[in-house]
2 protein chains.
Amino acid sequence: MLDERSIKVLWAVINSYINNPDPVGSRYVTRKYSLEFSPATIRNIMADLEELGFLSQPHTSAGRVPTDKGYRFYVENLMDENVCCHKGLIDSLTRRLEDLREDIYTLLDETTRTLSIHSHYLGIAVSPGPDGSTLRRIELIPYSDDRIAVILFTNEGIIKHKILKNNFSFSRNDLNKIARYLNREFSGYTIKEIRQRLLEEMAKDKELCDTLISQALSLCGDVMSCYGANVFISGLTEILELPEFSDIEKIKEISRTIEDKHAVIKLIDSLADAEGVQVVIGAENRVEEMKTLSIITSTYKEGDKPAGVVGIIGPTRMDYSSAISLVDVTARFLTEILDEGGHEWRKGR
Amino acid sequence: MLDERSIKVLWAVINSYINNPDPVGSRYVTRKYSLEFSPATIRNIMADLEELGFLSQPHTSAGRVPTDKGYRFYVENLMDENVCCHKGLIDSLTRRLEDLREDIYTLLDETTRTLSIHSHYLGIAVSPGPDGSTLRRIELIPYSDDRIAVILFTNEGIIKHKILKNNFSFSRNDLNKIARYLNREFSGYTIKEIRQRLLEEMAKDKELCDTLISQALSLCGDVMSCYGANVFISGLTEILELPEFSDIEKIKEISRTIEDKHAVIKLIDSLADAEGVQVVIGAENRVEEMKTLSIITSTYKEGDKPAGVVGIIGPTRMDYSSAISLVDVTARFLTEILDEGGHEWRKGR
DNA sequence: TATTAGCACTCTAAGCTAATGAGTGCTAAA
DNA sequence: TTTAGCACTCATTAGCTTAGAGTGCTAATA
């Protein structure tokens with residue numbers, strides 16, 4: 001599709017633009033990348049690349065700037081894949097996350113911080129949602145006369161808790177009985193599966209009319225229903241340093257995006273199924289406010305089930321090769337941590 | 001100190017400036033506030049007020065702008081105190097926080113959101129720290145072969161949990177015994193008190209050499225040590241709409257402030273002891289990056305002990321009367337909620 | 001035929017000037 | 001004591017010019 005010369009020029013333009021957000025001129029390309037052609041020739045090639053949609057001109061007498069299509073081509077064909085010396089990242093991940101292995105929320109929060117510091121873009125992480133979390137155990141503890149605390153332990157070390165008001169007042173003994181029942185029935189399943197089974201069981205239960213069990217099921221349902229994915233984002237300070245965010249309107253957009261965590265979950269969820277690192281460039285994105293941003297994500301796993309997502313959000317003019325490998329490394333790191341935390345449990349299951 | 005005329009003028013200037021961040025001119029004051037003097041007279045008065053430090057001029061031929069001292073005088077003497085029609089706020093607090101009574105973290109998070117929406121400034125909340133939290137009960141639950149989950153229930157409905165690796169492997173029975181011991185010893189005390197007593201007990205324990213108990217104490221200490229206050233801030237989108245934040249540098253400052261939660265805790269802590277609503281205006285603040293911001297806080301209580309802090313951060317040009325009553329109402333509301341959640345427990349104590 | 005040198009042309013960014021106007025301080029009159 | 005009048009200051013804006021970077025086209029060159 002593109003001859004070697006065009007590719008060289010395209011690469012040069014994108015590479016230069018990633019390092020410095022000034023439109024790239026023909027003269028500059030020949031000089032800086034010491035190509036064996038004159039500026040005039042480069043101009044012709046650039047004109048061709050523009051016609052093909054890989055480059056564009058902000059105005060007639062300016063240099064060229066990559067388009068989304070240009071970046072896409074770059075990511076898929078031209079990128080330097082061997083940016084693997086993330087010693088620094090691994091070090092700081094290890095250092096920061098060491099003590100947090102068992103509390104995945106703090107862990108993810110710290111992860112986003114580490115990602116943003118190393119990438120200078122926004123770091124983002126989504127905790128396992130109902131599909132990704134496996135129930136390990138459920139505990140019921142009396143809290144006050146008419147309230148009980150329901151505590152869910154999951155495989156990822158998440159502990160979800162809720163204090164529920166209940167009409168019947170259970171003895172500690174009752175609670176133990178209920179808990180034992182629930183554990184027997186549900187532990188080892190994902191939250192999503194449990195929700196489904198709860199519906200079935202509760203339908204069945206209408207016939208059984210066992211108050212204790214039906215109470216148990218409804219308790220369980222209450223907690224499950226508020227079990228959602230959680231988003232962590234950090235690095236606002238980092239991206240404010242980028243020249244593309246010197247415009248107030250742009251900043252407002254970003255801030256709206258960040259504060260609306262609901263929208264972020266939705267966005268990320270659509271990328272969660274795919275294997276490996278996902279790259280969405282600029283207008284490929286569906287969300288209006290992110291059409292000038294790129295997002296790179298990868299899923300971390302718990303066992304072999306995808307659990308949650310980590311990633312980076314930055315301008316389309318992003319250092320893709322570095323960002324992609326950062327995300328990749330981080331996702332693998334998290335997967336490993338979850339593995340260590342959970343293996344003795346999976347063995348016993 | 002100030003005659004009635006000067007006060008009228010000062011009030012007019014501040015009132016006008018709060019509504020619209022343009023330097024206020026003498027002509028404008030006579031017109032808008034229909035004072036019985038000519039612009040020339042007003043000018044004289046303004047010159048006096050400037051000399052006294054209540055007003056200042058951005059440049060020679062501009063109108064006047066209130067100084068921090070001016071705002072301080074306004075807040076203490078001139079403010080309209082009867083801005084109590086916070087029906088909307090109470091409604092939305094009630095609606096949003098209804099389901100969250102027992103999870104104070106989510107509760108505070110939602111509170112900041114509500115505060116920011118109603119004030120159009122940053123909403124801020126700090127959860128009870130070790131001084132404010134009273135231990136209600138402690139539970140120990142086996143998590144895996146070599147780990148146990150320690151769960152703290154506090155009076156504010158906070159549940160703090162940590163999963164600890166321990167060298168000895170305790171039976172469920174052992175754990176129950178330990179838990180009973182810890183509850184007998186420590187429930188009803190604040191976290192801070194417990195930390196102190198732990199130190200004493202552990203010193204004593206050297207003589208006793210009771211492994212189970214000493215293990216219990218060390219477990220307890222581990223969890224206690226990570227018990228800190230938690231900050232919630234929201235409303236970035238709101239304050240970005242204000243004209244004072246049209247400058248990128250200002251935004252960077254704010255974003256640094258927001259992301260450094262540690263600094264915020266420190267700042268807020270210094271205000272936590274005082275009774276009622278606290279107002280810190282501009283450079284009265286110690287933190288360099290907040291010298292152009294004002295902060296309004298109030299403590300919410302649990303029983304009669306101060307628990308945590310809620311507040312608003314905005315520009316010095318802030319609608320103080322509305323902001324102050326917003327914060328006041330919100331703090332009372334939280335206190336009430338905590339009271340409802342906890343009273344049956346305190347009865348029994 | 002592919003490449004390149006040369007040149008006229010385009011467009012932005014930066015700097016300069018002048019005009020505008022809001023607001024002041026001072027003085028002298030009421 | 002208050003106020004009208006007036007000269008003065010200074011930020012803001014618009015208009016204009018210049019410099020410079022980069023282009024596209026054409027004609028010469030290898």
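Model, not experiment: these values are computed from the prediction. Throughout, a chain's letter reflects where its sequence line sits, starting with A, and its residues are numbered from 1. Just the heavy atoms: all of them, side chains too, but no hydrogens, waters or symmetry mates, feed the values below.
- With salt bridges taken as basic N to acidic carboxylate O contacts below 4.0 Å, none links A:E284 and A:K291.
- Regarding contacts with the backbone of D:dA4, every side-chain N or O of B:R27 stays at 4.0 angstrom or more from both OP1 and OP2.
- Note on B:F37: only backbone sugar-phosphate atoms sit closer than 4.0 angstrom, heavy atoms only; bases stay farther off.
- Phosphate proximity of C:dT3 to A:R5: present, with a side-chain N or O under 4.0 Å from OP1 or OP2.
- When rounded to the nearest whole Å, the span between CG of A:L55 and P of D:dG22 equals 15 Å.
- For A:S61 against C:dT10, a side-chain N or O and a base N or O form a donor-acceptor pair under 3.5 Å.
- Listed nucleotides: C:dG25, D:dT23, C:dA5. Nearest to the side chain of B:R64: C:dG25.
- Neither OP1 nor OP2 of D:dT1 sits under 4.0 Å from any side-chain N or O of B:T41.
- Counting atom types as modelled, B:R43 pairs a side-chain N or O with a base atom of C:dG25 as donor and acceptor under 3.5 Å.
- Using a 4.0 Å cut-off between charged nitrogen and carboxylate oxygen, B:E253 and B:R256 do not count as a salt-bridge pair.
- Residue B:T60 places its side chain closer to D:dC10 than to any other of C:dT4, D:dT2, D:dC10.
- A salt bridge does not link A:K250 with A:E244: none of the charged nitrogens is closer than 4.0 Å to a carboxylate oxygen.
- Put simply, NE2 on A:H59 is 18 Å from P on C:dC9, counting in whole angstrom units.
- Remark: side-chain polar atoms of A:S16 are not paired, donor with acceptor, to backbone N or O of A:A12 under 3.5 angstrom.
- Between the CD atom of A:E36 and the C1' atom of C:dT4 there is a distance of 14 Å, given to the nearest Å.
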